Structures are given as structure tokens and as C-alpha cells.
Amino acid sequence: MKKKQAGPQQTCEFVSYKTLLISPSHLSRHLTTSLLSPLSPPWRDYSFPPMDLRRRPPKPPVTNNNNSNGSFRSYQPRTSDDDHRRRATTIAPPPKASDALPLPLYLTNAVFFTLFFSVAYYLLHRWRDKIRYNTPLHVVTITELGAIIALIASFIYLLGFFGIDFVQSFISRASGDAWDLADTIDDDDHRLVTCSPPTPIVSVAKLPNPEPIVTESLPEEDEEIVKSVIDGVIPSYSLESRLGDCKRAASIRREALQRVTGRSIEGLPLDGFDYESILGQCCEMPVGYIQIPVGIAGPLLLDGYEYSVPMATTEGCLVASTNRGCKAMFISGGATSTVLKDGMTRAPVVRFASARRASELKFFLENPENFDTLAVVFNRSSRFARLQSVKCTIAGKNAYVRFCCSTGDAMGMNMVSKGVQNVLEYLTDDFPDMDVIGISGNFCSDKKPAAVNWIEGRGKSVVCEAVIRGEIVNKVLKTSVAALVELNMLKNLAGSAVAGSLGGFNAHASNIVSAVFIATGQDPAQNVESSQCITMMEAINDGKDIHISVTMPSIEVGTVGGGTQLASQSACLNLLGVKGASTESPGMNARRLATIVAGAVLAGELSLMSAIAAGQLVRSHMKYNRSSRDISGATTTTTTTT
Ligand code: ADP
């Protein structure tokens, strides 16, 4: 593993305009040098400042041995010696056709255009007159001779500028050092013309004290392949397809990785994982797998069912704390959940020539009369995809169309994207002027905090509630109803409002969401919107008991596809009774999983809020996050970070 440092070596291209007046002889000499003898070597005699560098051939990236085909090669850091050598060998830049006049490029072009056509017109006239008066064509006056020279010169200029770009790049290469042009630009009298992305300087810093590599003794054949990968002969990414054995490919790749980086990954296990199961679906170029402990919180009594909730986490107290919340809920009679909405969204961005046309698309898509036709086209993507709604937002000439559909037991991103693609193709009949800029225009909105998900929902919108009796609040949660209600108001509601939170009106919903997501093969990046949650607490029954609820509008989960079919994740889904496709009704398993997530969040909120109200937070963390081996008391006192 090596550290790259990128720095702005060359951020902008400059045009140097020196106040130089050009005499006709100067111009013709320059033209002759630069255009009529392009391959001759006198570039170093070049006596003009560079007028325009825009047509310069692109400079190749800074040299390193890291080829782009996925093989391992070490970087060659650029040293200050290299810089000195570069500076020492800088040469004057080669002239180009567009350097002919000390004028802006467009004026130079205009001059040569005008010259070319007016001279051509003049010569054709003269030619016609000569034919009319029987004058021999080879008899030319001085004016005609000048016109012919001007015609040729302007023709060569125009050809050099517009016609044969590759000729110029060829010319530049011929000079050998032309790539160094950027290093030769003077500092004086520069004028900014265009900005190009900075050319990264790749310098490599050494990481301290690598642990010694324990080199695997591989079969001779594999040793050869490791060497080929290191040398870049075999791209690392192609090992699976070449060898037809995913485990062997991973073992060769990790060996090559260790040798190239000089760093050991011994602690990252290789054995004990089915690498075939992730091929082309879950992870590319594997070298091992990460072990994350899975703890169980529960039983979570939800909607009359008991669930043992698997949580993959390395955060001490989290499982214990959630477990405590489950206990309090269980004794109080459990929780109840409702799925308010179930629909995955995708919103492409399309552009028109006018805002009027973009608006016409909006009216077309949102017209109820067109919905059935759109649904038929959309639903072709899968037997599980069912279009629910289309919402269009306009930003000038651009339209953002948010399609929402049910996706059965799949989380549904692939499914909804295919449906959207179908509709966009269909729309080109009525809107041929529609320019599809991107299948995702961020109005979806996937893996980013967004108000649209918070308000409209995405995936499963779930509300989950429980009533916890006052005595249990006292005995199990070690706090009081009044303290909990007050803390919730000041922390989760007012505090988050003060912070300008977007869907973060909770104590630590994302802790539970992430842990359950990882355990059950969900996409952990969707934790961003899936953790949006508002936790409400209210004293009921004359202040004796507490009503607590979590409302989560964007829980994005599936029980088929993606990481859900991997052995470990599938086992966790099986534990919850929601593995794979529902046999009762499509989508039932995914919806149930969403309610379990919400139920576990409710337990987590209850426990953590109680710990904070009772002032236990720091105490329990010091006790259970400091290598204590005994967590027998965790269910009654612990909490977790917020
Ligand atoms: P996603 O759309 O979440 O990315 P995938 O496209 O990877 O998911 O997986 C969904 C696949 O599973 C589809 O090919 C679909 O036909 C299939 N499938 C089988 N049973 C179901 C079901 N009950 N619900 C949804 N999809 C299902």
C-alpha cells in the first residue's frame, strides 16, 4: 500500500503575448519555417514567442510504472533530480500555424480566411480575362505572383489549422522534446486562456516499518503466475477468468499484492470463503475477507412474532444495549409495526432545448391518462416490478423524473433502473428532442442525504411503536418516564433541529441499521437514507407509562439479490425467517425485514435514551469498551455511542 500525493503541477495553460511587431519578412520566414518545412529540424532556431498553446499535443501522464490494466506495479516516484533534468533539457516550443500572427487565434483565422478567398477570387478573375483575351496563362504580373504566393501560404495555414491536426502532433513529436512544452513557458506576460485539469504529481511516501511478509509457498506454476502479475504481463483482474478457479485466483492475487507493496496481509483470511459466490456479483479482485462478529439481540417481540436479530458490529455495547431494549419491549407486550409504503425509486435527468419542452414532458408523465401505458412499458423490466408513480421536477430546461415501483423481495435498484430505461426508450417517440443526460439524476436519491427520501420515502416506509410500562422503565431501563420524554424532546427533536438535521431526529438509528444491514447482506451504503428516523416519546396513562415510536420512511432492504445470497448473510436472513423470495406473496419477506429493522431500532432507541437519561453513557462505555471480558451485566446498564 502506498500513499499517493497529487499536486497541481500544471493547472492552466497560458498564452504568451509579447508585444512584438512582426515584419512581413519575419512573417514569411516564420511561415516558411513552421509550415512549408514542418519536418525540418530548426525548431531550436525558433525566434517567436508561443502565441497559442491550445493545439499542443496532450502531455503524457507523469511517468510511473503503474499500468492501468489492473496489474500490480510499483510507482516510480518523481524525484527532484528528474525535475532538474527536465529543466536542463527544456527547449523552445515548436511553432504552429496558428502562431503566425501576434493576434488572438480567432483574428488570425479570420485574416487567413479572408486572404485565401479574396486572393482566390482575384486569381479566378484574372484567369477568365486571360482566356477571354487569349493571353498565355504562364505570363504573370508581379501582382498575380504575389496573389499566388498569398494563396498558397493561406491554404497551407488553413490546412495546418483545420485539416490535419495529426500532422501538427506529428511535427511536435518529431522535435522529440515537444512534450516538455509546459515546462518551458515563461513566467512573464502570461495570459490565462484555458484551464485544464491539474496533471497529478505522483509521489510516493514510504509507510513506516512494514511487518515482514510471510511468503506463501506456492506451486511452481502459481509462482510463475504471481511473477507475471507483478510484471504486469497478466492483469490482476483477469485471474479468475484465466484460471477458472476463484480461490486460486485470490491466493495468487494476494501473494502478488504482498510482494509488490512489501506489506503483509497475513491477518486477512483467505481460506473458509466461497469465492465463486461473489464472482461477477459482489466483489471484484478479492484477496480475502473481513471477519465481523455477529451478535444476537432479542428476542424482539414484534407483531406477535419473536425474532433473534443478528447484528454485525465491532462497536462494544451496541448489541448489549439493543438487547436490553428488546427485553423492556418484550416484558411490556412487544411492538407493533406498519409498512406505510413500499416502492423503490430511480430518477433520470433529461434535457431539452427549452424549459417549455421540459414542462411538456412533465405534464405528459404526470397525466393520469398516460399512467397505464407507462406502467405497461415499465413493468416489462421484471415480473416483480410494478410502477406506482411518476413525479417530475423541473430545473430550467432539465427534467428530473422520479419513477417509483414495487420490487417484490428485491431491494430493487436493478429492477427499477431497467424499467426506467424501458420508459425512456418509449418516450423518444413523443419526445425525440429529449436528451437523456443520466439514468440517475440524484432526485432518486440513492446513498446521499436527501429531503426527498425523508418526505416522500424510498424503499419501505415503516412506523413502529410500543408502550413500555412505567415499572419496566424503572426496573429494566433504570430511568423514569418523565426523564425519557424530556430528553427525547430536547435531544432528538429540538437538538436535531438546532443541528439542522435531515431525518436525524433520533439517538442512533444508524447503529442498528448498519449492524443488521451488514449481517443480512444489505448494501451498507444505503444506511445513509435507511437510517432516517424520527423517534417520538410521549407519557401516557396519566404519565405512568411511555409510548415510543420510530418512523423510518426509507428503509431499503431486500431478501433476494446482491449480498443476500452469500452463505453467512443468507444464514442470518434464515434466522429471521425471511430468507429468499417469499412463498406467500412477493415482497412479504423484504417488508418483514424492514419491520424487523425498525423494531430493532426502537429497542436501540429505548435503551440508549434510557442510558443517557440515567447518566450511564460514559460509565458503561468505560466499563465495556475497555477490553473487559465480562459483559454479564451489560443488559442492565450498557448503552452505546450516539
Ligand atoms: P436488485 O434489483 O435489488 O438489485 P437483483 O436484480 O440483483 O436485485 O435481484 C432480483 C432478481 O431476483 C431478479 O432477477 C428477480 O427476477 C429475482 N427474484 C426472484 N424472486 C423474487 C422476488 N420474490 N422478488 C423480487 N425479485 C425476485
Side-chain angles (χ1 to χ4, degrees), residues 274-284 339 341-348 375-390 401-424 438-448 453 457-462 513-514 516-531 552-570 572-574 576-597:
D274 177 11
Y275 292 92
E276 314 288 334
S277 67
I278 57 169
L279 183 66
Q281 197 158 14
C282 293
C283 181
E284 299 75 39
V339 177
K341 203 171 162 188
D342 177 10
M344 182 43 69
T345 62
R346 179 55 98 196
V376 168
V377 175
F378 185 99
N379 296 347
R380 276 189 218 135
S381 70
S382 163
R383 66 200 152 110
F384 299 100
R386 293 293 169 263
L387 186 66
Q388 295 174 345
S389 64
V390 185
V401 192
R402 196 171 193 256
F403 293 87
C404 181
C405 76
S406 56
T407 56
D409 288 306
M411 180 273 289
M413 283 305 297
N414 286 332
M415 218 177 268
V416 67
S417 300
K418 283 184 214 158
V420 168
Q421 194 67 48
N422 290 348
V423 173
L424 290 175
I439 183 84
S440 167
N442 275 7
F443 186 44
C444 316
S445 182
D446 195 39
K447 303 174 184 175
K448 292 161 284 277
N453 294 335
R458 188 169 198 255
K460 279 77 178 153
S461 305
V462 180
V513 170
S514 302
V516 178
F517 268 36
I518 294 169
T520 58
Q522 311 305 314
D523 187 339
Q526 289 183 322
N527 159 67
V528 173
E529 57 269 32
S530 297
S531 299
M552 305 178 69
S554 315
I555 302 179
E556 296 161 353
V557 288
T559 58
V560 297
T564 62
Q565 94 285 352
L566 300 179
S568 321
Q569 290 84 339
S570 180
C572 290
L573 288 170
N574 193 45
L576 293 169
V578 293
K579 179 181 164 185
S582 166
T583 47
E584 290 172 54
S585 121
M588 181 91 111
N589 277 354
R591 281 193 290 275
R592 183 167 286 182
L593 178 58
T595 62
I596 292 168
V597 170

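For clarity, every value in this text was computed on a predicted model and none was experimentally measured. Both ligands and their constituent atoms are indexed starting at 1 by order of listing. Just so you know, residue 1 is the first one in the sequence shown, and it goes up from there.
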query = Should Glu556 and Lys460 be marked as a salt bridge (Lys or Arg N to Asp or Glu O under 4.0 Å) after you check the CA-CA gap, both sets of side-chain angles, and the distance that decides it?
reply = CA-CA 6 Å; Glu556 296 161 353; Lys460 279 77 178 153; over 6 Å; no

request  = Using the side chain to side chain contact (heavy atoms under 4.5 Å, CB included) rule, take Ser530 and Gln522 through it: C-alpha gap first, then chi angles, then the decisive distance, then the call.
outcome  = CA-CA 11 Å; Ser530 297; Gln522 311 305 314; over 6 Å; no

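Checked against side-chain hydrogen bond (donor to acceptor under 3.5 Å, both in side chains), Ser381 has no partners two or more places apart in sequence or in another chain. Under the rule for a side-chain hydrogen bond (donor to acceptor under 3.5 Å, both in side chains), the partners of Asp523 that lie at least two apart in sequence or sit in another chain are Lys447.
Within 4.0 Å of ligand 1, contacts by protein heavy atoms are made from Phe384, Thr407, Gly408, Asp409, Ala410, Met411, Gly412, Met413, Asn414, Met415, Val560, Gly561, Gly562, Ala581.
For the residue pair Ser445/Arg458, the side-chain donor-acceptor check at 3.5 Å is not satisfied.
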Enumerate, atom names and distances included, each donor-acceptor pair closer than 3.5 Å involving a side-chain atom of residues 403-412, sequence neighbours excluded.
| residue | atom | partner | partner atom | Å |
| --- | --- | --- | --- | --- |
| Thr407 | OG1 | Ala410 | O | 2.8 |
| Asp409 | OD1 | Gly587 | N | 3.1 |
| Asp409 | OD1 | Met588 | N | 3.3 |
| Asp409 | OD1 | Asn589 | N | 3.0 |
| Asp409 | OD1 | Ala590 | N | 3.0 |
| Asp409 | OD2 | Ser582 | N | 2.7 |
| Asp409 | OD2 | Gly587 | N | 3.2 |

